[in-house]
Amino acid sequence: MHMSGRRDFTDWIAELLHLKDVPFMGVPNYMFSIEYWLGGISAGALAWQVLTGLLLLFYYEPSNAYNSTMSIIHNVPFGSIILSSHLYGAYIMIFAVYMHGLYVMLKGGYKKPRGFQWVLGVLMFVLTLGVAFIGYSLTGDVLATDAVDVGRGLLTALGLQSLIPIIFGNGTELDLFSRLLAWHITIAAAILLLFLLHFYLAEENGLMPRLKDAEYRAPAVINKNSKDLPPWWPRNFIYMVALVFMTWGIIILIPSILALPNVYPSVPILFSPYPGPSPTSPQAAAVPAYPPWFFLFIYKMLDMPLGLKVDAVLSMILPVIILLIIPALDRSEKLHPLDRPVITALFLIGFVWLIELSVWSAIQPGVPVKPTWATLVLLPPLVIIVAGIYAIHRSWLRVRDKALNGSTKITEGKTWVMSKSTASILSYITGILAIIIIGLSFILNPLSDGPYIGVLWGSALLLLSASILNYFYVSYM
Amino acid sequence: MNERGNYNNGGLSMGRRDFLKAMLFISGAAVVLGMLRGLEYLMPPSIGISAFPRLLLVDENGNPIKASKLPVNAQPTIALFPYPLNNEPNFLLNLGNDSNQPVEAPPTTVVIPQNGIRYEFPGGVGPSKSIVAFSAICQHLGCTFPELTFYPPGYKTITELGPKDKVLHCSCHGSTYDPYLGGAVVTGPTVRPLPAVVLEWDPSTDELYAVKMVGPVIYGHPGYNNPTQDIVNNPLGDLQGGSPISGTSTTVTMHTNPAVTG
């Protein structure tokens with residue numbers, strides 16, 4: 001130990017693990033904001049899925065799918081938290097992946113040099129939806145049974161019926177659930193590998209700066225070797241840990257609240273934290289044949305009067321192909337959304353249709369669509385968005401130079417800034433509250449009080465995250 | 001760079017080196033592609049049977065089902081049994097009129113909307129020729145009981161053609177079938193009728209047997225979406241893609257009918 005200069009615990013850890021030599025990129029101050037970390041949040045959720053997924057493997061039995069799943073909830077300590085947070089971890093991950101992809105699409109992040117990074121992202125998006133489909137089929141509840149049957153029909157409609165035995169097995173329940181489990185883990189592993197590649201490319205390509213800093217031109221890259229860039233350790237590390245805890249807090253807190261005895265009976269099946277009834281139980285009949293919420297748009301598309309094959313191609317194949325070829329469709333160097341009217345319009349139409357079809361499907365599950373209804377729902381947004389973007393683009397071209405190059409001064413919108421002392425007090429308070437709350441969780445029974453413990457765990461994680469973020473603000477902003 | 005240059009100088013000329021490189025790529029691609037057939041590992045050994053079995057319908061205690069005791073119009077409970085494989089559930093219905101008296105389901109010709117092909121439904125069996133059996137897996141996208149269920153007289157469901165009773169209707173996507181007319185399609189989105197189980201009734205014992213299927217292959221089994229004339233007369237695809245039922249009987253189970261209980 002040196003006589004001069006304090007060398008505390010964190011320095012010791014950093015030295016032990018060579019954290020100061022980690023070859024990750026540091027980032028400018030403005031990037032410590034959540035919209036730059038949507039990929040990180042997706043990855044944080046993925047980490048939670050791996051963790052809880054491995055824990056579920058200890059009790060899940062493919063030979064007894066539904067009963068072993070319910071037994072995890074009722075007979076295993078903390079089982080209800082692990083299972084329901086695995087479900088909501090998937091929901092949050094899917095939500096974060098959507099946000100990440102939409103943000104990148106809006107900002108032109110798919111352009112040079114990140115074309116392949118985008119393609120990997122689209123592939124991971126598809127795999128994420130696939131692994132989620134198989135995951136909720138694993139429970140063996142009434143919705144899972146229908147999902148597997150519908151999956152068979154969709155594969156057949158697409159001419160891929162030879163894949164049915166490969167995915168769903170030889171027709172026995174045991175083979176079905178053994179295979180679903182194997183595929184679930186295999187696809188999860190594939191997502192993990194692709195994520196590593198995606199992350200490596202993000203680092204090697206260099207992060208994307210504010211559009212203004214890049215003068216609205218691709219390639220927009222922050223020079224990794226710039227001397228002005230603060231190092232990755234410890235700023236990025238601390239911020240990342242805070243966001244991961246925040247993500248995990250939300251993942252545990254939401255399903256735990258929904259599972260509270262007073263809340264659970266009034267939760268719609270689409271957002272239920274637990275599996276539905278067994279397909280052989282009388283209650284099964286009362287459950288509308290919903291897919292999970294992230295597949296509602298496909299469900300409504302399958303009600304379209306175009307035949308199963310066309311419906312399936314339009315809802316499942318075409319969107320993926322369009323997403324994959326976006327880097328090839330838009331090769332210009334322009335980055336401002338209004339300079340890319342086609343992609344921006346595509347973004348808005350896709351987003352609006354996704355929401356419309358999902359809501360429609362939730363309200364009218366499985367009601368065949370008449371052509372006039374489809375026209376009334378889908379055509380107006382298309383016309384409005386195309387015409388609107390066209391008109392805005394025209395007037396944008398007249399003011400473009402002024403708007404982009406006129407005043408280079410970025411007006412700081414935030415007038416109120418928290419003082420460092422307030423932040424440090426908040427950091428103390430939230431940190432201590434987190435300790436108290438996690439302490440409280442010990443008086444509860446892990447078998448019977450699962451949802452209450454989940455609420456405490458989720459709150460403690462969120463408080464811890466708040467504490468770290470305040471510390472981060474005090475020390476590094 | 002220098003070092004590499006030195007190696008190159010001592011080695012092959014540029015053209016030969018490129019040739020060798022191309023050769024390596026071709027060789028690598030050949031090896032990888034050649035081994036891809038190992039993916040066949042993922043194809044499960046197929047299971048099934050080679051001919052339709054003749055199975056006695058029994059209750060959960062193994063006692064034969066008596067045709068004359070079968071509840072009319074699936075009230076209060078609806079009967080299901082697997083045939084010809086374990087993962088192929090079927091409805092066993094004793095069809096009746098509005099006053100719950102058994103009515104004959106006459107032999108009829110069923111048309112497949114998908115391709116216009118026709119097949120003969122042999123009609124109901126039993127003392128009133130009112131007992132029929134149809135696959136309980138919807139031909140559209142495979143939703144099964146309880147989503148697909150029988151709506152007895154007086155219990156109407158919303159269909160594309162307005163409220164209807166005396167139909168088999170699937171709440172997943174709205175397909176409707178007529179069990180009084182051989183499982184024919186009443187409304188889409190399905191483009192195929194429900195496969196029918198051919199039943200036999202032994203008047204001396206009042207017992208029922210399932211002997212074969214007619215119509216399209218049961219949903220999800222090989223060839224179900226391609227009902228040719230040969231297939232609908234003898235849907236052998238039903239015999240593949242599931243585990244055989246052991247013994248000489250198949251068990252009929254009684255379930256609450258959601259169409260009645262709501």
Side-chain angles (χ1 to χ4, degrees), chain A residues 142-143 145-157 159 161-176 178-179 182-183 186 277 279-291 299-300 302-309 311-312 364-370, chain B residues 39-48 77-78 80 85-89 114 137-149 158-160 170-176 187-191 218-226 240-244 253 255-262:
Chain A
V142 60
L143 298 181
T145 310
D146 288 334
V148 167
D149 287 332
V150 170
R152 287 193 179 101
L154 291 179
L155 284 175
T156 308
Q161 57 267 47
S162 50
L163 291 181
I164 290 176
I166 293 175
I167 298 174
F168 299 117
N170 62 13
T172 61
E173 292 257 297
L174 179 57
D175 199 28
L176 171 67
S178 303
R179 262 166 201 274
W183 280 119
T186 305
T280 53
S281 79
Q283 297 96 296
V287 177
Y290 276 128
Y299 190 23
K300 195 29 81 181
L302 296 182
D303 288 335
M304 293 289 165
L306 301 167
L308 200 50
K309 183 171 187 167
D311 287 346
Q364 290 193 319
V367 178
V369 173
K370 296 208 166 70
Chain B
L39 283 176
E40 204 185 311
Y41 170 80
L42 292 174
M43 183 65 84
S46 66
I47 51 172
T77 51
I78 188 163
L80 286 163
L85 301 176
N86 273 318
N87 63 348
E88 296 171 322
Q114 181 181 349
I137 313 181
C138 182
Q139 280 284 323
H140 172 237
L141 268 179
C143 285
T144 179
F145 178 82
E147 276 81 23
L148 174 67
T149 193
I158 306 296
T159 76
E160 231 179 292
C170 179
S171 62
C172 281
H173 303 91
S175 298
T176 318
T187 76
T190 181
V191 290
I218 293 169
Y219 177 92
H221 293 260
Y224 85 90
N225 65 330
N226 181 29
Q240 299 298 314
S243 57
T253 49
H255 303 261
T256 314
N257 186 356
V260 177
T261 56

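Using a distance-only test at 3.5 Å, with no hydrogens or angles considered, no donor-acceptor pair links the side chain of A:N170 to the main chain of B:I47.
For A:L308, the part lying under 4.5 angstrom from a heavy atom of chain B is the side chain only. Looking at A:V148, there are no atoms closer than 4.5 Å to chain B (heavy atoms on both sides), in backbone or side chain. With a threshold of 4.5 angstrom between heavy atoms, B:T144 approaches chain A through its backbone and through its side chain. With a threshold of 4.5 angstrom between heavy atoms, B:P222 does not approach chain A through any atom at all. Contact of A:P165 with chain B is made through backbone and side chain together, with heavy-atom distances under 4.5 Å. Using a 4.5 Å cut-off between heavy atoms, A:P279 contacts chain B through its backbone alone, with no side-chain atom that close. For a residue to count as touching a neighbouring chain, one of its non-hydrogen atoms must lie under 4.5 Å from one of that chain's; by this rule A:L154 touches chain B with backbone and side chain alike.
Between the NE2 atom in B:H140 and the CG atom in A:L302 there is a gap of 7.0 Å [rounded to 0.5 Å]. Atoms OG1 and CG, from A:T280 and B:L80 in turn, are 11.0 Å apart once rounded to the nearest 0.5 Å. Taken to the nearest 0.5 Å, the NE2 atom of B:H221 stands 10.0 Å off from the CD1 atom of A:I164. Separating the CH2 atom in A:W183 from the CG atom in B:L42 is a distance of 5.0 Å, to the nearest 0.5 Å.
Counting heavy atoms of neighbouring residues, nucleotides and ligands inside a 6.0 Å radius, atom CD of A:E173 does not exceed 12 of them.
With chain B as the partner, the residue from A:S162, A:A182, A:G171 showing the most heavy-atom pairs under 4.5 Å is A:G171. Interface check for chain A: of the options B:V191, B:N87, B:L85, the most heavy-atom pairs under 4.5 Å are formed by B:N87. Contact count versus chain A (heavy atoms, under 4.5 Å) is highest, among B:G242, B:C172, B:G142, for B:C172. Ranked by heavy-atom pairs under 4.5 Å with chain A, the first of B:S243, B:G174, B:G241 is B:G241.
A:D175 meets the salt bridge (Lys or Arg N to Asp or Glu O under 4.0 Å) test with A:R179; sequence neighbours excluded. In this structure, A:D146 has no salt bridge (Lys or Arg N to Asp or Glu O under 4.0 Å) partners at least two apart in sequence or on a different chain.
In terms of heavy atoms, B:P44 sits closest to A:G169 at CG-C, 4.0 Å. Taking every heavy atom of both residues into account, B:H173 and A:P368 meet most closely at O-CG, 3.5 Å.
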Checklist entry - Hey, mind stepping through A:Q161 and B:Y224 against side chain to side chain contact (heavy atoms under 4.5 Å, CB included) and telling me if it holds? => result CA-CA 10 Å; A:Q161 57 267 47; B:Y224 85 90; over 6 Å; no
